[in-house]
Amino acid sequence: KAEDKGVGSSPAYTTVVINLIDENDNSPQIRISWLGSAPEKIAEDADLGAYIALVNVQDDDDDEIHLEIQNSSDFELENNSKNRYILKTKSYLDRERIQNYNLKLIARDSGFPVRETVENLKIIVEDVNDNAPFFRHGQYNVHIDENNEPGAVILQILAEDQDEGQNAKLSYALDDSSGLFEIDSENGNIIALESIDAEKHTNGSDFVSFVIIASDHGQPSLSGFTEVKVFINDLNEFQPSFMSRNYNFSIEKNSKIGASVGHLEANDMDKTAKMHFSLERENLPFSINDRTGEISLSRSLLNFSDVPVFYQFRVGVSDSEKRLKTKDLAEVVVYVSESFRSLENIDDASKAAVVLVGIFAGAVMILITITIFICIR
């Protein structure tokens, strides 16, 4: 408005327009709205492409804004509309692989100079009971002596679970048809319920086996299994004894060296018994197999000028481990019977004489047979 100071002056008017040039003096703003019931959390069994949060960006300078995500290849941003994004999963999640994600959202405007805003975003992956308990070994072996103390812990066996919380809390059970063992459901201690007799409980083997089951407390519960073999160490409780107190054998005088005379049988009630046989008299023409109890001729009887009608001696049996000082004894009598000497031990003239005698005897028998036949006719 302009006017002079004269009387009756008329003012004049004009319009002045001031244009404000925008300066890039505002940084972008990031607002996050979580879609789940638990902010910043997602279950590890979430579907591929599951929505996690809505992300809104704005700039008071009204610039165009670019938003990106860093620090993870398992998540991505989907542009829903101008300056609105959806944060969602790009890969299947696994809490046992990655439990926590620390994402970085970066918003940049299009002004000059460019201004940016960084928002750190933590996402916690919640556990799902997707891992069964497991044992480090498919089979465990333990050795105990027989006649053990009832109630004693023979082994502690523990399983592992890669889940967490209730999903990783374990209880133990034992499947044992023998009824000799039980397990503490909480700490995995295996207990022998009674004194075990190796000769009674092992059924032809040297161990008792059963299955251990570990179950978690998840919903639904998952289980893992392993086998335990308890080897029962046999103790030397019994003394070996012969099946008979007296043994009678016979052998021909011309028997060859190494010829079998007879076999002595003994028994030991210990499960892993190994018996040791021995002759209790020296200077005998016999030897004995210390493991089998087989008596055989060790020297030719033809070399003796005066061979007795029988030999009488004793044989002992003991533990091969020599834990028992005493032996069980059996009386053995070996009768020596006369027989024709072998042709291998006589000279050529004697051999010829023996052959002639044989031929003559055969001819006489034939003549007698013919005579009887003629008389009957």
Side-chain angles (χ1 to χ4, degrees), residues 22 24-136 138 158-170 214-225:
D22 184 37
N24 193 22
D25 56 351
N26 293 285
S27 297
Q29 301 174 20
I30 301 175
R31 294 188 178 92
I32 299 173
S33 300
W34 298 98
L35 297 179
S37 57
E40 301 183 357
K41 294 183 179 180
I42 184 172
E44 64 175 323
D45 62 346
D47 294 333
L48 188 65
Y51 290 176
I52 301 174
L54 293 175
V55 182
N56 292 308
V57 292
Q58 65 180 32
D59 192 322
D60 290 341
D61 295 322
D62 200 26
D63 290 332
E64 183 178 346
I65 303 172
H66 173 73
L67 182 67
E68 67 178 57
I69 185 172
Q70 291 183 354
N71 294 350
S72 176
S73 61
D74 292 335
F75 299 90
E76 64 180 351
L77 291 169
E78 179 182 297
N79 190 201
N80 182 266
S81 61
K82 182 180 180 181
N83 296 339
R84 298 184 64 185
Y85 296 84
I86 295 176
L87 178 64
K88 65 180 184 178
T89 59
K90 185 180 179 180
S91 306
Y92 288 106
L93 305 180
D94 183 2
R95 188 202 66 84
E96 290 72 39
R97 179 175 64 90
I98 301 177
Q99 184 173 358
N100 298 314
Y101 288 90
N102 293 302
L103 307 181
K104 182 181 289 187
L105 298 179
I106 303 176
R108 295 186 179 91
D109 62 23
S110 56
F112 183 83
V114 175
R115 301 178 72 96
E116 69 177 25
T117 299
V118 177
E119 183 78 19
N120 292 313
L121 192 63
K122 182 177 181 179
I123 297 179
I124 300 172
V125 181
E126 294 186 301
D127 184 50
V128 174
N129 194 26
D130 56 348
N131 292 284
F134 67 93
F135 294 91
R136 288 189 175 272
L158 297 174
E160 300 177 35
D161 196 312
Q162 294 182 345
D163 295 317
E164 65 177 2
Q166 289 294 105
N167 295 334
K169 186 177 181 180
L170 303 180
S215 302
D216 61 33
H217 290 200
Q219 295 295 330
S221 178
L222 301 176
S223 300
F225 307 87

With rounding to the nearest 0.5 Å, note down the distance linking OG in S221 to NZ in K169. 12.5 Å
Rounding to 0.5 Å, atoms CG (N71) and CG (N102) come to a distance of 7.5 Å
Does S110 use its side chain to pair, donor to acceptor, with the backbone of E64 at less than 3.5 Å? yes
Residues E164 and R95: closest non-hydrogen pair is OE1-NH1, 3.5 Å
Shortest non-hydrogen contact from V114 to D109? CG1-O, 3.4 Å
For the residue pair V125 and Y101, establish whether any side-chain heavy-atom pair is separated by less than 4.5 Å. yes
State whether the number of non-hydrogen atoms from other residues, nucleotides or ligands found under 6.0 Å of K88 atom NZ is greater than 12. yes
If you apply the rule side-chain contact (heavy atoms from CB on, under 4.5 Å), what do you find for D45 with D130, and how did you get there? CA-CA 9 Å; D45 62 346; D130 56 348; over 6 Å; no
Donor-acceptor check, side chain of N56 to backbone of R31, threshold 3.5 angstrom: yes or no? no
Write down the atom of L93, the atom of A43, and the distance for their closest heavy-atom approach. CD1-O, 4.3 Å
Sub-3.5 Å donor-acceptor pair from the side chain of D59 to the main-chain atoms of Q29, do we have one? no
Quick one: does L103's side chain get under 4.5 Å of E119's, heavy atoms only? no
Hey, are the side chains of L105 and V57 touching, using non-hydrogen atoms and a 4.5 Å cut-off? no
Please test N120 against K104 for side-chain contact (heavy atoms from CB on, under 4.5 Å), starting from the C-alpha separation and ending with a verdict. CA-CA 5 Å; N120 292 313; K104 182 181 289 187; 3.9 Å; yes
Rounded to the nearest 0.5 angstrom, the CD-CZ distance for Q162 and R97 is 13.0 Å
Sidechain-backbone polar pair: N83 side chain, Q58 backbone, donor-acceptor under 3.5 Å: no
Please name the pair of heavy atoms, one in V55 and one in I30, separated by the smallest distance, quoted to 0.1 Å. CG1-CG2, 3.9 Å
Minimal non-hydrogen separation, K90 against L48, with atom names: O-CD1, 3.2 Å
I need the minimum non-hydrogen distance between A159 and A214, along with the two atoms involved. CB-CB, 3.7 Å
Tell me, do L87 and I123 make a side-chain contact under 4.5 Å, heavy atoms counted? yes
Please confirm whether the backbone N or O of P28 pairs with a side-chain atom of T117, one donor and one acceptor, at under 3.5 Å? yes
Salt bridge or not between E68 and R108? Use side-chain N to carboxylate O under 4.0 Å. yes
With no hydrogens and no angle check, is any side-chain donor or acceptor of D163 less than 3.5 Å from a backbone partner on N131? yes
I'd like to know if the side chain of D61 pairs up with that of N26 as donor and acceptor (distance under 3.5 Å, no hydrogens or angles considered). yes
Where the side chain of E44 meets the backbone of V128, is there a donor-acceptor pair that is under 3.5 Å apart? yes
Could you go through D22 and D62, starting from their C-alpha distance and side-chain angles, then the distance that decides it, and tell me whether this counts as side-chain contact (heavy atoms from CB on, under 4.5 Å)? CA-CA 10 Å; D22 184 37; D62 200 26; over 6 Å; no
Indicate yes or no for a side-chain donor-acceptor contact from T89 to the backbone of F75 under 3.5 Å, with no hydrogens or angles considered. no
How long is the gap from NZ on K41 to CG on N100, to the nearest 0.5 Å? 10.0 Å
Distance (rounded to the nearest 0.5 Å) between I86 CD1 and L54 CG: 6.0 Å
From I52 atom CD1 to W34 atom CH2, the distance as rounded to the nearest 0.5 Å: 7.0 Å
